[in-house]
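Structure record follows, encoded as structure tokens.
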Amino acid sequence: MNKRPDSSANRQRFCVVTRERDDPENLIRFVLSPDGYIVPDLTERLPGRGMWLKADKNIIHKAIEMRSFSRAMQCQVTVPENLVSIIKDGLRNKIKDTFGFARRAGQITYGFVKVREKISQNIAGLIIQAIDGSEEEKKRILSGTGLLPVMAVFTAKELGMIFGREYIVHAAIYRGPFVKQILFDNKRLSGIIN
């Protein structure tokens with residue numbers, strides 16, 4: 001009897017530093033640009049032979065020290081000095097873009113009262129909080145929410161800029177594909193920031 005291959009096992013990739021297989025949401029793909037520079041492929045769509053590293057700034061620094069990029073690409077490569085910053089900024093921009101898509105699709109709301117309303121209606125799939133918001137307010141908005149994921153990466157001013165306001169402390173993304181994408185990118189960003 002032929003067994004169907006496990007789809008999650010087929011999606012796993014090999015980290016060239018840790019030598020372990022893992023899911024793509026825990027890794028970052030890198031490709032070589034035509035001019036010989038290492039480029040993080042945060043959308044996993046760039047052409048060319050790729051290599052994967054665990055989404056962890058220490059692993060990326062180790063890959064640079066060990067010259068893992070050149071070995072994996074089988075040629076001499078140039079690694080940007082600020083590679084970790086490039087990844088961090090790229091992931092933050094990717095999350096901001098997804099916020100924008102969710103906003104245009106009508107899948108996001110912001111403001112204390114509206115967010116609490118969506119939580120009570122069981123519509124919210126992800127709570128976004130400004131990192132510089134009041135700790136008391138953050139706890140209050142989450143009271144009785146159960147196991148809703150919470151993300152705190154941007155300041156109130158940064159969130160405000162995304163949504164065309166002066167500042168925003170609380171937002172909620174409705175259940176659906178936007179939540180999955182944001183959590184995917186946020187997980188990788190956490191490894192780079194911490």
Looking at [Y], is its backbone amide N or carbonyl O close enough to the side chain of [X] to form a donor-acceptor pair, meaning the two atoms are under 3.5 Å apart?
X    : Y    : result
D23  : E25  : no
R104 : A102 : no
R92  : L189 : no
R116 : I141 : yes

Checklist line | Straight-line distance of I87 CD1 to N82 CG, nearest 0.5 Å | finding: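 Between atom CD1 of I87 and atom CG of N82 there are 10.0 Å.
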Next item on the list: State the CD1-CD1 distance between I128 and I95, to the nearest 0.5 angstrom.
Entry: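 Here the rounded value is 9.5 Å.
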Residue pair [X] / [Y], side-chain heavy-atom distance below 4.5 Å:
X    : Y    : result
L83  : P40  : yes
F14  : L27  : no
V169 : S134 : no
I38  : M73  : yes
L32  : C75  : yes

Check: Tell me the ring-ring contact (aromatic ring centres under 6.0 Å, His included) pairs involving residues 24-44, sequence neighbours left out?
Finding: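 Checked against ring-ring contact (aromatic ring centres under 6.0 Å, His included) - neighbours excluded - the pairs reaching residues 24-44 are F30-F69.
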Item checked: Selection residues 102-137 - residue pairs positive for ring-ring contact (aromatic ring centres under 6.0 Å, His included), sequence neighbours left out ->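 Every ring-ring contact (aromatic ring centres under 6.0 Å, His included) pair that includes a residue of residues 102-137, provided the two are not neighbours, is Y110-F163, F112-H170.
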Would [X] and [Y] pass as an ion pair if we require N to O under 4.0 Å?
X    : Y    : value
R188 : E44  : yes
E136 : K139 : no
E135 : K138 : yes

Check: If you group Ile, Leu, Val, Met, Phe, Trp and Tyr by side-chain heavy-atom gaps below 4.5 Å, do V79 and L53 land in one group?
Finding: yes
Next item on the list: Test side-chain contact (heavy atoms from CB on, under 4.5 Å) on I60 and I192 and set out the steps.
Entry: CA-CA 9 Å; I60 293 166; I192 299 301; 3.5 Å; yes
Check: In chain order, what residues pass the salt bridge (Lys or Arg N to Asp or Glu O under 4.0 Å) check against D41, with sequence neighbours excluded?
Finding: R29
Next item on the list: Evaluate the criterion side-chain contact (heavy atoms from CB on, under 4.5 Å) for residue pair Y174 and T109; output intermediate values, then yes/no.
Entry: CA-CA 8 Å; Y174 306 161; T109 194; 3.5 Å; yes
Evaluate whether atom [atom1] of [X] has more than 12 neighbouring non-hydrogen atoms of other residues, nucleotides or ligands under 6.0 angstrom away.
X    : atom1 : value
R67  : CZ    : no
Q76  : CD    : no
M161 : CE    : no

Next item on the list: Identify which one of K54, E20, K187, R13 satisfies the side chain to side chain donor-acceptor pair (under 3.5 Å) criterion when paired with N26.
Entry: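 By the side chain to side chain donor-acceptor pair (under 3.5 Å) criterion, N26 pairs with just one of K54, E20, K187, R13: K187.
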Item checked: side-chain contact (heavy atoms from CB on, under 4.5 Å) between V153 and I131, intermediate numbers included -> CA-CA 6 Å; V153 173; I131 54 177; 5.5 Å; no
Check: Under the side-chain contact (heavy atoms from CB on, under 4.5 Å) criterion, do D56 and T18 qualify, and how do the steps go?
Finding: CA-CA 11 Å; D56 179 316; T18 65; over 6 Å; no
Checklist line | Test applied, salt bridge (Lys or Arg N to Asp or Glu O under 4.0 Å); reference residue, D185; option that passes from K96, K180, K94 | finding: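 Single salt bridge (Lys or Arg N to Asp or Glu O under 4.0 Å) partner of D185 among K96, K180, K94: K94.
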